[in-house]
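Protein chains get the first letters and strands the later ones, always in sequence-line order, with residue 1 at the start of each. All values derive from a computational prediction rather than experimental measurement. Only heavy atoms go into these numbers, but all of them, side chains included; no hydrogens, no water, no symmetry mates.
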Amino acid sequence: MSKKLKIIVLVMSALLAILLSVSIGGADIPISDIGRVFAYRLFGAPLPSDMPSVTAGLIWNIRLPRVLLSFVVGASLAVSGSVMQSVLKNPLASSYTVGVSAGAGLGVVLIIVFGISSTVLGAFLMPLTAIVFGMATIVFAVLVASRMSHALNDQSIILVGMILSVFVNAIMMTFASRSPEYAQQIAMWQMGSLSMRGWHVVGIISAASTVLILWLCRYAKEMDILTFGDEQASAVGVDVKKMKWFLLLLSSMLTAVSVAFVGVIGFVDLIAPHIIRRFFGAAHRYVLPLSALFGGLFLVLADLLSRTLIAPSEIPIGSITALIGAPFFGYLFLKNSKRKAGAS
Amino acid sequence: MKRFNKYVSLVSVFLLALMVMVGCGNDDAPTTEAFDIEDPLGLTVTVPVEVEAIVSLTPAITGVLVDLGLTPYIVAVDGHSIFLFDDLSDDVLIVDSFNIEIESIIALDPDLVIAHDMIMMGDLENDPLQPLRDLDIAVAYLPAAANIEDISRDIHFLGTLTRREEAATDLEADFQQELSDIAETVATSDRSPIVYFEISPAPDMFTFGHSTFQHELLERAGAINVFADQEGWLPIGAENVVEANPEVIFTNASFMDDPVGEIMQRSGWEAVDAISNERVYYIDNNASSIPNHHIVIALRMMVEHLHGE
């Protein structure tokens, strides 16, 4: 299959996943009604009188924003993951595994615990603290890990990330048990949730993510060069250190924006770039945008499962991605250490 | 020598008799003695002669004890009870029920400790209050009431446990009277609205199905629980609530300034009958979440909103 054809297949599957997700949900609504709601909202076609009055609101203001939100969040996390894997030259790296997601989550939880999450000030501060905490986490993780091993391409950064995640989660649990009024909100942030976010959140995340993803895509060539090795990169005139930090911070920001609004959702950022590299090679001008597509597709389907598997109840989205992602992580980890063992 | 011995034994018998007589005469005849009772879990509780220092580790139990007139004897309670009962002494010890500091309870030298079996986390072998039993402190466990019958059972059990049988009988009779008054009011109404009861707010909403005491409350209030086919407490998808289109929404979400306003403003919910007819109501959180006789407060609120005056 040519690359062009593969890209078309991927784009079509993403569109199909979105369509499927809009048509299936916890509520049982015939596809013809969904079509009519779209016709009504987009072209002002009248709604049939036999349609239940709640259907239009349900499709347009509950289900559709949720599906779009899961696509954008999945795309953001996936791009963030592929940048981290390239820059750290570590196939196990991702916002989730190096602790950025948990760190950003802690920023959000602080805002919750201070009781200003529902104020206007809180609405501004929440993404801001998430970004600051997410960036602080990556800086801390990289600095500590580079003391353990200079190259960062071994397991040390993952180890530091895991320790950071456990530590940060312990802080969150402490907050939760000290202030039971926020315990449920905190638990929600730890597992992630795409429920009831509404159009304004979709708007904010889409705008921020689009800017950040496009910005990162501009550095596709630099990322290619970085993967050849620091010396080669310096030789062609890339300020390696500066470029690495810039890319790491930007990708942390991308994760943090998502975490600020939907909580910590793991493993999308780890899986997507691997699948894409397998089918499209390692060139970043493909990996970045196509990871975004695949990450979006993956999270849309994961959310579909979370809404429908035990309807009318819901499974936290983080559980679904972990159920798929954790075995995948284990597989990569084993493969990686085997390769290392074989090389030495 | 022999005579002396006889003399001594005679005197000692006399002294002994005297002691017994004096002993009986000085004190009021002891009307109470220690007794054994089985708690609802089937564990034996040996209630001591005097119960003057009681520890209650759950608000449902504290509520009954207070209404049995035992407030002055309560020496320690859980962190929630302390907010609910103003008359508790200022130096009552506050215990975290899920992380019990056993030593601080022992330091109070309590006669009786009562808790929900929840604190055992479903593991009877793993009794966090075992150190108290080892010190011969009476420990009683109650499962949280799952229905109205259990609430009556708890009142009687706690009455027997604290030797307040009479007060318990009265309390339970009042409770039954309230329930039948409410039943009468409900019977006069020909409406039984479909209700969604939210116990945890958006974005991750929780409600309940059958086999919960709240479900029984809805039924007794003459309503139909929109998720009656589900069991227990469950997270619920927004789509499913909207699709079910309840006529009335109740919320008991606490720690929120305006839970009713939040529901009224939910995007995509506008066409739900309860929203468009502005039939969203707050039900007292404590009365609708703590399973004891105070549930009649919640019940009365529901009946008023559902059937009006």
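- A:Ser195 and B:Pro203 get closest at one heavy-atom pair: OG-O, 2.8 Å.
- Contacts between A:Arg63 and chain B at a heavy-atom distance below 4.5 Å involve backbone atoms as well as side-chain atoms.
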A:Asn61 vs B:Glu270, test: side-chain contact (heavy atoms from CB on, under 4.5 Å). Steps then yes/no. CA-CA 10 Å; A:Asn61 286 326; B:Glu270 301 85 356; 4.2 Å; yes

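- In terms of heavy-atom pairs under 4.5 Å with chain B, the best-connected choice from A:Ser193, A:Pro316, A:Pro65, A:Gly198 is A:Ser193.
- Near-neighbour residues of residues 235-246 of chain B relative to chain A, defined by a heavy atom under 4.5 Å from a heavy atom of that chain, comprise B:Pro235, B:Ile236, B:Gly237, B:Ala238, B:Glu239, B:Asn240, B:Val242, B:Glu243, B:Asn245.
- When heavy atoms are compared at a cutoff of 4.5 Å, B:Asp96 approaches chain A solely by way of its side chain, counted from C-beta outward.
- In terms of heavy-atom pairs under 4.5 angstrom with chain A, the leader among B:Asp204, B:Asp273, B:Asn99, B:Leu234 is B:Asp204.
- Heavy atoms only, all atoms of each residue included: A:Ile62 and B:Ser267 are closest at CG1-O, 3.8 Å.
- Here B:Phe206 contributes atom CZ and A:Glu314 contributes atom CD; the two are 10.0 Å apart, rounded to the nearest 0.5 Å.
- With a 4.5 angstrom heavy-atom cutoff, A:Arg197 touches chain B only via side-chain atoms.
- Of the listed residues (A:Leu194, A:Ile315, A:Asp28, A:Thr55), the greatest number of heavy-atom pairs within a distance under 4.5 Å of chain B belongs to A:Asp28.
- Residue contact with chain B, scored on non-hydrogen atoms closer than 4.5 Å, involves the backbone and the side chain of A:Pro312 alike.
- Put simply, OG on A:Ser313 and CD on B:Glu231 are 12.5 Å apart, with the number rounded to the nearest 0.5 Å.
- Counting non-hydrogen atoms of neighbouring residues, nucleotides and ligands closer than 6.0 angstrom, the CD atom of B:Gln130 exceeds 12 such neighbours.
- In plain terms, the two heavy atoms of B:Ala271 and A:Ser53 that are nearest each other are CB-O, 3.2 Å.
- Within residues 79-89 of chain B, no residue has any heavy atom closer than 4.5 Å to a heavy atom of chain A.
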